[in-house]
Amino acid sequence: ISKEKGGNVAQFFDESMRNQFQEGLIIENFLRKVVEKGGFELFYQPKFQLGKVSSVEALIRWDDPELGFVSPSTFIPVAEDIGLILRIDEWSLLHACIQNKKWQEEGLFTVPISVNLSAKHFQRDYLVPLIKRALDESGLEPQYLKLEITESVFIKDPDHVACIIHQLRDLGVRISIDDFGKGFSSLHHILYLPIDEIKIDRQFIQAIDQDEKKALLVKSIIELAHGLHLNVVAEGIEEEAERDVLEKMGCDELQGYLFSRPLKKDQMVEFLLSKDRMKI
Ligand code: C2E
Ligand code: MG
Ligand code: MG
Ligand code: MG
């Protein structure tokens with residue numbers, strides 16, 4: 001179309017789109033190198049139950065010497081588009097399992113570790129062997145691994161996805177639905193699939209103390225989930241008032257900047273050993 005109009009591409013492709021496009025290409029090229037040569041790190045964000053660390057979530061970090069810090073929200077979608085996500089998640093998964101096993105062996109703590117998995121893996125058949133391999137190589141027992149998946153896995157071929165989830169559960173790992181309520185959720189999945197946990201999306205948590213409708217919704221979600229014997233996590237808690245509301249509602253686990261930001265491995269250990277955490 002742009003050619004017919006005299007090649008004025010700019011008309012259809014404005015500056016911000018161009019920047020996004022170029023940024024995507026730059027990230028793509030750098031990402032290929034990092035996947036080959038290394039350069040990712042895992043951070044860990046604790047979750048709390050009754051003031052104690054009850055589990056940790058592994059979150060990938062990429063601080064590039066040239067590009068600077070690149071957020072996973074920026075590079076994960078690029079990695080999904082160019083087919084690198086398998087190798088990235090394979091890396092996160094294995095390192096999270098190895099680290100958790102190490103913490104157990106050091107006697108620091110014995111809690112499940114959560115790893116985020118892209119919905120892309122559910123369109124293929126390698127996921128179950130991939131998880132098996134991470135457990136085998138790390139020696140971590142399956143009940144100490146939780147897989148965080150988003151509702152978007154159910155958009156394509158829900159029957160196939162259900163089959164994979166059953167196989168994962170048979171391995172003994174736990175399944176958590178991340179960003180619950182944000183996506184194209186069909187309650188059907190939480191009713192009929194062997195999942196263990198839902199993580200209520202941050203948008204429903206933010207300012208929950210000031211919004212009666214949000215509070216009503218979250219209270220109902222928690223009641224429904226408990227009726228189904230699911231563990232409920234609230235993510236993105238930043239304010240004490242939000243925490244108070246969620247505690248009163250009987251939310252099982254709490255996570256957010258109020259308690260702790262995602263931490264480097266050594267900071268995580270320091271945090272666990274410090275007395276400060278007892279104040280929470
Ligand atoms: P997520 O799994 O929903 O993780 C929660 C995100 O919210 C994290 O961002 C976390 O740092 C941030 N967060 C935690 N508490 C708070 C809070 O109180 N307030 C606010 N504003 N934010 C909070 P992060 O680490 O940038 O990760 C973004 C997303 O990238 C994750 O969302 C997850 O979907 C994805 N991701 C991270 N690591 C991996 C990975 O290894 N593999 C895959 N496939 N995805 C990953
Ligand atoms: Mg998550
Ligand atoms: Mg989430
Ligand atoms: Mg989220």
Are side-chain heavy atoms of [X] and [Y] found at a separation under 4.5 Å?
X      : Y      : answer
Thr150 : Asn116 : no
His95  : Trp91  : yes
Val161 : Leu193 : no
Leu67  : Val70  : yes
Leu84  : Leu31  : yes
Cys97  : Glu137 : no
Ile221 : Leu230 : no
Lys101 : Tyr144 : no

Salt-bridge test for [X] and [Y]: reply yes if a basic N is under 4.0 Å from a carboxylate O, no otherwise.
X      : Y      : value
Glu57  : Lys146 : no
Glu223 : Lys219 : yes
Asp196 : Arg169 : yes
Glu36  : Arg32  : no
Lys264 : Glu41  : yes

What are the two closest heavy atoms between [X] and [Y], and how far apart are they?
X      : Y      : result
Asn100 : Val111 : ND2-O, 3.0 Å
Ala215 : Met249 : O-CE, 3.2 Å
Pro72  : Pro77  : O-CD, 3.6 Å
Phe204 : Phe180 : CE1-O, 3.7 Å
Leu86  : His121 : CA-CE1, 3.6 Å
Pro262 : Leu59  : CG-CD1, 3.8 Å

- May I have the step-by-step check of side-chain contact (heavy atoms from CB on, under 4.5 Å) for Gln267 and Tyr44, ending in yes or no? CA-CA 9 Å; Gln267 292 175 318; Tyr44 304 89; over 6 Å; no

Side-chain H-bond candidate by donor/acceptor type, [X] with [Y], under 3.5 Å:
X      : Y      : answer
Gln255 : Lys199 : yes
Gln206 : Glu242 : no
Glu253 : Ser55  : yes
Glu197 : Ser176 : yes
His226 : Asp252 : yes
Ser118 : Glu80  : yes

- Message: If you take the centroid of each ring, where Trp contributes its six-membered ring, are Phe40 and Phe75 closer together than 6.0 Å?
- Response: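 Ring-ring flag for Phe75/Phe40: true, centres closer than 6.0 Å.
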
Distance in Å, [X] [atom1] paired with [Y] [atom2], rounded so as to fall on 0.5 Å steps:
X      : Y      : atom1 : atom2 : value
Ile198 : His189 : CD1   : NE2   : 14.0 Å
Leu145 : Leu93  : CG    : CG    : 6.0 Å
Arg133 : Ser138 : CZ    : OG    : 12.0 Å
Leu130 : Asp125 : CG    : CG    : 12.5 Å

- Residues, nucleotides or ligands: over 12 heavy atoms within 6.0 Å of Gln143 CD: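 Yes, because the 6.0 Å sphere around CD of Gln143 holds more than 12 heavy atoms from other groups.
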
- List the steps, then state whether side-chain contact (heavy atoms from CB on, under 4.5 Å) holds for Gln99 with Trp103. CA-CA 6 Å; Gln99 186 57 67; Trp103 278 329; 3.3 Å; yes

- Query: Sequence neighbours excluded, which residues qualify as salt bridge (Lys or Arg N to Asp or Glu O under 4.0 Å) partners of Glu270?
  - Reply: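 Applying salt bridge (Lys or Arg N to Asp or Glu O under 4.0 Å) to Glu270 gives none.
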
- Task: Identify, with sequence neighbours excluded, every residue that meets salt bridge (Lys or Arg N to Asp or Glu O under 4.0 Å) alongside Lys132.
- Result: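 Checked Lys132 against salt bridge (Lys or Arg N to Asp or Glu O under 4.0 Å); zero matches.
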
- Item | N/O donor-acceptor pair under 3.5 Å between Asp63 side chain and Phe69 backbone |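 Side chain of Asp63 to backbone of Phe69: a pair is present.
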
- Hey, does the side chain of Asp179 reach the backbone of Lys182 with a donor-acceptor pair shorter than 3.5 angstrom?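 A pair under 3.5 Å: no.
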
- Would Leu42 and Arg61 count as a side-chain contact (heavy atoms from CB on, under 4.5 Å) if you check the C-alpha gap in whole Å, the side-chain angles of each, and the deciding distance to 0.1 Å? CA-CA 6 Å; Leu42 282 184; Arg61 292 290 176 265; over 6 Å; no

